[in-house]
Student: 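Take a look at this one; I'll ask things after.
Indexing begins at 1, ligand by ligand and atom by atom, following the structure's order. Side chains are part of it too, since the values below use all heavy atoms of this structure and drop only hydrogens, waters and symmetry mates.
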Amino acid sequence: MAAATQALLGELEIPPSRIACEAFGGTSPTTDEPLDTNDYPLRFLPSGTTCVARGTQTVLDAALRSGVTFDQGCLAGVCGRCRIRLVEGEVATGCEAGLSAADKKAGYVLACQTKPRGTVVLADE
Ligand code: FES
């Protein structure tokens, strides 16, 4: 649809410099990664709430099923509303467009794009 709209604007002789286009979605998930069906414990600070997440499940899904509340929006790694700090543990991450370089350096991850790869501790601060 974006390409068709750009073509139409070109036919109307709108200069390209006056056309802005946004793209969403980040990188495509890899399909050659083996499914991780192990269960991993998650702990949320400061409440200390714990739950279990399967390796195929995001931190956000596991948290919500366990009653941990989260701010959320796009569920695609773009808006950044589910940002949470990784205190400890190994994770696999998807699209991180919703994080700034400073967020990443400070250890933040996006709960909707993060899957555990071991015991994980996260802090909502
Ligand atoms: S809900 Fe938007 S980045 Fe996670």
Side-chain angles (χ1 to χ4, degrees):
M1 186 172 112
T5 302
Q6 286 176 318
L8 176 63
L9 292 172
E11 289 173 18
L12 296 172
E13 299 181 355
I14 304 295
S17 62
R18 300 206 50 210
I19 301 171
C21 183
E22 292 181 323
F24 298 95
T27 58
S28 300
T30 59
T31 54
D32 54 352
E33 181 180 321
L35 284 181
D36 183 345
T37 57
N38 296 308
D39 290 334
Y40 301 110
L42 306 181
R43 187 160 58 103
F44 296 91
L45 302 177
S47 69
T49 304
T50 60
C51 66
V52 173
R54 184 144 289 183
T56 56
Q57 191 176 30
T58 66
V59 166
L60 181 65
D61 287 341
L64 293 176
R65 287 174 191 249
S66 300
V68 177
T69 57
F70 256 92
D71 188 16
Q72 59 183 291
C74 68
L75 304 179
V78 177
C79 73
R81 287 174 52 185
C82 67
R83 184 183 85 142
I84 191 166
R85 193 167 60 84
L86 177 65
V87 176
E88 188 179 306
E90 188 177 334
V91 296
T93 58
C95 176
E96 294 183 309
L99 292 175
S100 68
D103 288 338
K104 292 178 190 174
K105 189 174 180 180
Y108 285 94
V109 296
L110 296 171
C112 74
Q113 297 292 305
T114 299
K115 297 175 181 174
R117 291 297 178 257
T119 300
V120 174
V121 180
L122 301 134
D124 185 13
E125 354 181 279

Student: Numbering the atoms of ligand 1 from 1, which are under 4.0 Å from a heavy atom of V78?
Tutor: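 Reading through ligand 1 atom by atom, the close ones are 3 (S).
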Student: Could you tell me the residue and atom name of the protein heavy atom closest to atom 3 (S) of ligand 1, and the distance to it rounded to 0.1 Å?
Tutor: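 It is G80 N, 3.3 Å.
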Student: With backbone taken as N, CA, C and O and side chain as the heavy atoms from C-beta onward, which portion of L60 lies under 4.0 Å from ligand 1: side chain, backbone, both, or neither?
Tutor: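 Neither; nothing of L60 gets under 4.0 Å from ligand 1.
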Student: Just jot down the ligand 1 atoms closer than 4.0 angstrom to any heavy atom of G77, in number order.
Tutor: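 The atoms of ligand 1 under 4.0 Å from a heavy atom of G77 are 3 (S).
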Student: Of the backbone and side-chain N, O or S atoms of C82, does one lie nearer to atom 4 (Fe) of ligand 1 than 2.8 Å?
Tutor: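 For C82, the answer is yes, given that an N, O or S atom comes within less than 2.8 Å of atom 4 (Fe) of ligand 1.
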Student: Considering non-hydrogen atoms of the protein only, which is the closest contact for atom 2 (Fe) of ligand 1, and what is the distance?
Tutor: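 Going atom by atom, the protein heavy atom closest to atom 2 (Fe) of ligand 1 ends up being C79 SG, 2.3 Å.
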Student: Is the distance from atom 2 (Fe) of ligand 1 to the nearest N/O/S atom of C112 under 2.8 Å?
Tutor: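 So C112 does not bind atom 2 (Fe) of ligand 1 by this criterion.
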Student: Below 4.0 angstrom from a heavy atom of C74, which ligand 1 atoms are there? Numbered from 1 as shown, please.
Tutor: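 That gives atoms 1 (S), 2 (Fe), 3 (S) of ligand 1.
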Student: Which pair of non-hydrogen atoms, one from A53 and one from A62, has the smallest distance, and what is that distance?
Tutor: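 Taking A53 first and A62 second, the nearest heavy atoms are CB-CB, 3.5 Å.
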Student: Which heavy-atom pair separates G98 from L110 by the least distance, and what is that distance?
Tutor: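 Minimum heavy-atom separation between G98 and L110: N-CD1, 4.0 Å.
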Student: Would you name the heavy atoms of V87 and L45 that are closest together and state the gap between them?
Tutor: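 Closest heavy-atom pair between V87 and L45: CG2-CD1, 4.3 Å.
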Student: Check this for me: R117, atom CZ, are more than 12 non-hydrogen atoms of other residues, nucleotides or ligands nearer than 6.0 Å?
Tutor: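 Result for CZ/R117: enclosed.
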Student: Indicate the atoms forming the closest heavy-atom contact of K115 with Q57, along with that distance.
Tutor: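 Nearest heavy atoms, K115 then Q57: CG-O, 3.5 Å.
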Student: Does atom CZ (R85) have a neighbourhood of more than 12 heavy atoms from anything else shown, all under 6.0 Å?
Tutor: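 Yes, CZ of R85 has more than 12 neighbouring heavy atoms, counting only those of other groups under 6.0 Å.
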Student: Could you list which atoms of ligand 1 come closer than 4.0 Å to a heavy atom of L75?
Tutor: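 This gives 1 (S), 2 (Fe) as the contact atoms.
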Student: Please check this pair: side chain of Q113 against backbone of C95, looking for a donor-acceptor N/O pair closer than 3.5 Å.
Tutor: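 Yes, because the side chain of Q113 sits within donor-acceptor range (under 3.5 Å) of the backbone of C95.
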